[in-house]
Amino acid sequence: MSDAFEDSPCSGDALFAGRSAVLAEYEILDTPREQQFDDIVKLAAAICEAPIAVVNLVGDERQWFKAEVGLGVSETPLDTSFCAHAILEEDFLEIRDATQDRRFATNPLVDAAGGIRFYAGALLKNQAGLAIGTLCILDTQVRPDGLSELQRFTLQMLATQVMSQLELRKIARQDREGKNDLANAALRFQSIFNSAIDYAIIVMDRTGSITDWNAGATAILGWDASEIVGRDLSVFFTPEDRAAAIPSHEMQQALVNGRGADERWHLRKNGEHFWASGEMMPLKNADEVIVGFVKVLRDKTQARLLQDRMAQQDERLQMALAASGSVGLWDWMVSSDRIHGDANFARLYGLNAEGCAAGFTEEQYQEYVVAEDLPALRASIRAVFNHGADFLVEYRLAIPDEPIRWVECKGRMVVDATGAPYRFSGTSVDVTARKAAEQQKQLLMQEMSHRVKNSFTMVQSLASQTLKGIDPEVREALLSRIAALGQANDSLLQTNWSVTQMSALLQRILWLGADSGRIALSGSDIQVSAEAAMSLSLIVHELATNAVKYGALSLETGQVLVSWYHDDRRFQFVWQERGGPAVEQPAQKGFGSRLISLGICGSRDVLIEYLPEGLQARFGVDFDRVCPKG
């Protein structure tokens, strides 16, 4: 179908040459009117609610009407023909306002007062695919919405029926004796009638008794034609609709208005309900007397169920949001550059609810954002629009006469079928209570840390006083180990009392042992449990102390590489010394060596190697002991 404004030639040998020869095979040109063609144009005019309908055949130099209603002539000049343009289309041409189409605006049939305004034509094609004319309807009124889906479908079906009649005529010419032309025509019509398997087409008499039933009706409703013909059409309406006389009401609407359209639940043979869009139209005979009705149904159950599910989900979402009162929904429409929010969003941001629904600019919706937080917020927004980044940002709102409010915004960019940004949507959640709890928690952690530090200081002082007469080296080792535990405790404070970051832990412990510039760290910065943090702090402190006294860090050229890695099952920690003095396994093991041999969290998975290039120690433990899941 096309109603594009194109300039296309409609005359000349290239377009029409040989078309008359094809028409001659049908022996149709200049023949008298025939009822089967007249019935088709009457039905086309009735179904499409048009004053004019024509079976139009286009030859080399003329167009001629085999059947028509509303014109009163058998042909018009080819140079003013709409159909001459229609045969250039693939299957269908629809002109909704001819005065706005350059091809027809100056056409005498259009230019005259009360002239043609609307045209729709379905092509008549022979078996070789050559268009030889159209079945068309014309109107003196503009139709901005064009034909309905059913009207277009019916016009194309009737065009197929016209070609069926023409093909029968051709067969009759080739076979002079004839072999039951009416039977062949009926068979061809029935084939076309039953080919519309996506539609249930039901034909009834004036009383509503079913007289014909296509294959689509059998597929959708379940009854065979032999089971249903002669029964009242109310058989596939629900009991409620039958009680309300809906079938009779539809027929009355078709009689009064020319059509009766609806969407409702219907019944299949097995009693199952299905949702269908339907349309009923009156059928007229050659004398314009209404002899019955045709009803067309299309099964739209899946679409209706999906619509119902979406409505239920939306209702549940709105109920949940209304119940929470702290979650606002927003949509940033790219085309209009406006942010639309629901009532919760408006309340959360201290904005007018009607203004939120209509849409705010970026500056308007950010009116109460704390100035210090605006740069980070706008940078996150730019990252979404420029790079499609995820959107997750927290900021404060300073709404007049209200306490400072924290909100957490999450969102993502939605793209259309071409990949172009279409809508930036997300949620805003009031996290003020969470922020207050986090602040209180941090204060408590700092207070606890202060008290633990005081405890460590007291322990160090007591140990120092108690061990005054002990070997200074033993005394210093104990005090440094207590200090290492204190540093591990400080590391836990950086996140919470149960975990710390691996890099933070090692930097604190190794700073005690030696010049950190000669110690390289390599590994992913994982969170370490409290148990593992305490164990690692003691092990690393012993290794670092030995490296300063006897190993690589005892020389200015020495270096230490500390690395760690893991899979889903095991955690590995490696200490490698390079550039120090030659090392060899000690003859006796002190407390420090025994502490190292325990491994991480007491796993005892330890390998100490005294290599020519320096000491190398490997430690292994179940990963869950170092970084618990959840």
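Along the sequence shown, residues carry numbers from 1.
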Do Cys136 and Tyr119 touch side chain to side chain, with heavy atoms closer than 4.5 Å? yes

Can you check whether Ser563's main-chain N or O pairs, donor with acceptor, with Ser522's side chain at less than 3.5 Å? no

Taking Gln151 for its side chain and Ile47 for its backbone only, find out whether a donor-acceptor pair lies under 3.5 Å. yes

Would a distance-only check, ignoring hydrogens and angles, find a side-chain to backbone donor-acceptor pair under 3.5 Å from Glu279 to Leu150? no

Kindly compute the distance separating CG (Asp241) from CH2 (Trp265), expressed to the nearest 0.5 Å. 12.0 Å

To the nearest 0.5 Å, atom OG1 of Thr361 lies from atom CD of Gln366 at 8.5 Å

Would you check if there is a donor-acceptor pair between the side chains of Asp331 and Ser425 at a distance under 3.5 Å? yes

About how many Å separate CG of Asp624 and CZ of Arg570, when rounded to the nearest 0.5 Å? 11.0 Å

pair Val369-Leu397: side-chain heavy atoms closer than 4.5 Å: yes

Could you pull out the closest heavy-atom pair between Phe345 and Cys356, with the gap in Å? CD2-SG, 3.7 Å

If you count every heavy atom of other residues, nucleotides or ligands that lies below 6.0 Å from Glu402 atom CD, does the total exceed 12? yes

When you compare the side chain of Phe571 with that of Arg625, does any pair of heavy atoms fall below 4.5 Å? no

Could you walk me through whether Glu408 and Tyr395 pass the side chain to side chain contact (heavy atoms under 4.5 Å, CB included) test, one step at a time? CA-CA 7 Å; Glu408 178 189 79; Tyr395 52 89; over 6 Å; no

Dump the intermediate steps for side chain to side chain contact (heavy atoms under 4.5 Å, CB included) on Phe82 and Thr134, then the final yes or no. CA-CA 10 Å; Phe82 280 69; Thr134 65; over 6 Å; no

Is any side-chain heavy atom of His266 closer than 4.5 Å to a side-chain heavy atom of Thr238? no

Please check if the side chain of Thr301 supplies one atom and the backbone of Trp275 the other of a donor-acceptor pair under 3.5 Å. yes

Would you say Arg242's side chain and Phe237's backbone share a donor-acceptor pair under 3.5 angstrom? yes

Counting distance only, does the side-chain N/O of Arg405 pair as donor-acceptor with the main-chain N or O of Ile399 below 3.5 Å? no

Do Ile202 and Phe236 have side chains that approach each other closer than 4.5 Å (heavy atoms only, starting at C-beta)? yes

Under 3.5 Å: donor-acceptor pair, side chain of Asp139, backbone of Phe118: no

Which atom pair, heavy atoms only, marks the closest approach of Pro51 to Thr140? CG-N, 4.5 Å

Please round to the nearest 0.5 Å and tell me the distance separating atom CD1 of Ile201 and atom CG of Asn214. 4.5 Å

Heavy-atom side-chain contact between Asp91 and Lys125 under 4.5 Å: yes

Asn257 side chain to Arg259 main-chain N or O, any donor-acceptor pair under 3.5 Å? no

Are Trp332 and Asp337 linked by a side-chain donor-acceptor pair shorter than 3.5 Å? yes

Any idea which heavy atoms bring Leu297 and Gly278 closest together, and the distance? CD2-CA, 3.7 Å

Looking only at heavy atoms, the pair that brings Ala398 and Ile404 closest together is CB-CD1, 3.7 Å

Do Met413 and Phe385 come within less than 4.5 Å of each other through their side chains, counting heavy atoms only? yes

Using the ring of each side chain (for Trp, its six-membered ring), is Phe391 parallel, tilted or perpendicular to Phe424, with breaks at 30° and 60°? perpendicular

Kindly determine whether Leu329 and Asn344 satisfy side chain to side chain contact (heavy atoms under 4.5 Å, CB included), including the steps that lead there. CA-CA 7 Å; Leu329 301 180; Asn344 281 341; over 6 Å; no

Check Ala533 against Thr500 and note the closest heavy-atom contact, atom names and distance. CB-CG2, 4.0 Å

Indicate the ring-plane relationship of Phe573 and Trp564, choosing parallel, tilted or perpendicular according to the 30° and 60° boundaries. parallel

Rounded to the nearest 0.5 Å, what separation is found between the CZ atom of Arg569 and the CG atom of Asp622? 7.5 Å

Salt bridge (charged side-chain N to carboxylate O under 4.0 Å, His left out) evaluation trace for Arg143 with Glu49: CA-CA 11 Å; Arg143 297 195 186 186; Glu49 300 176 325; 5.6 Å; no

Can you see which heavy atom on Ala357 is nearest to which on His340, and at what distance? O-ND1, 3.0 Å

Given side chains that start at C-beta, do those of Arg268 and Asp299 come closer than 4.5 Å, heavy atoms only? yes

Output for pair (Trp406 CH2, Arg396 CZ), nearest 0.5 Å, gives 5.0 Å

Can you confirm whether more than 12 heavy atoms, excluding those of Glu272, are under 6.0 Å from its CD atom? yes

Would Leu109 and Leu138 satisfy side chain to side chain contact (heavy atoms under 4.5 Å, CB included), going step by step from the backbone distance to the final call? CA-CA 11 Å; Leu109 299 178; Leu138 302 96; over 6 Å; no

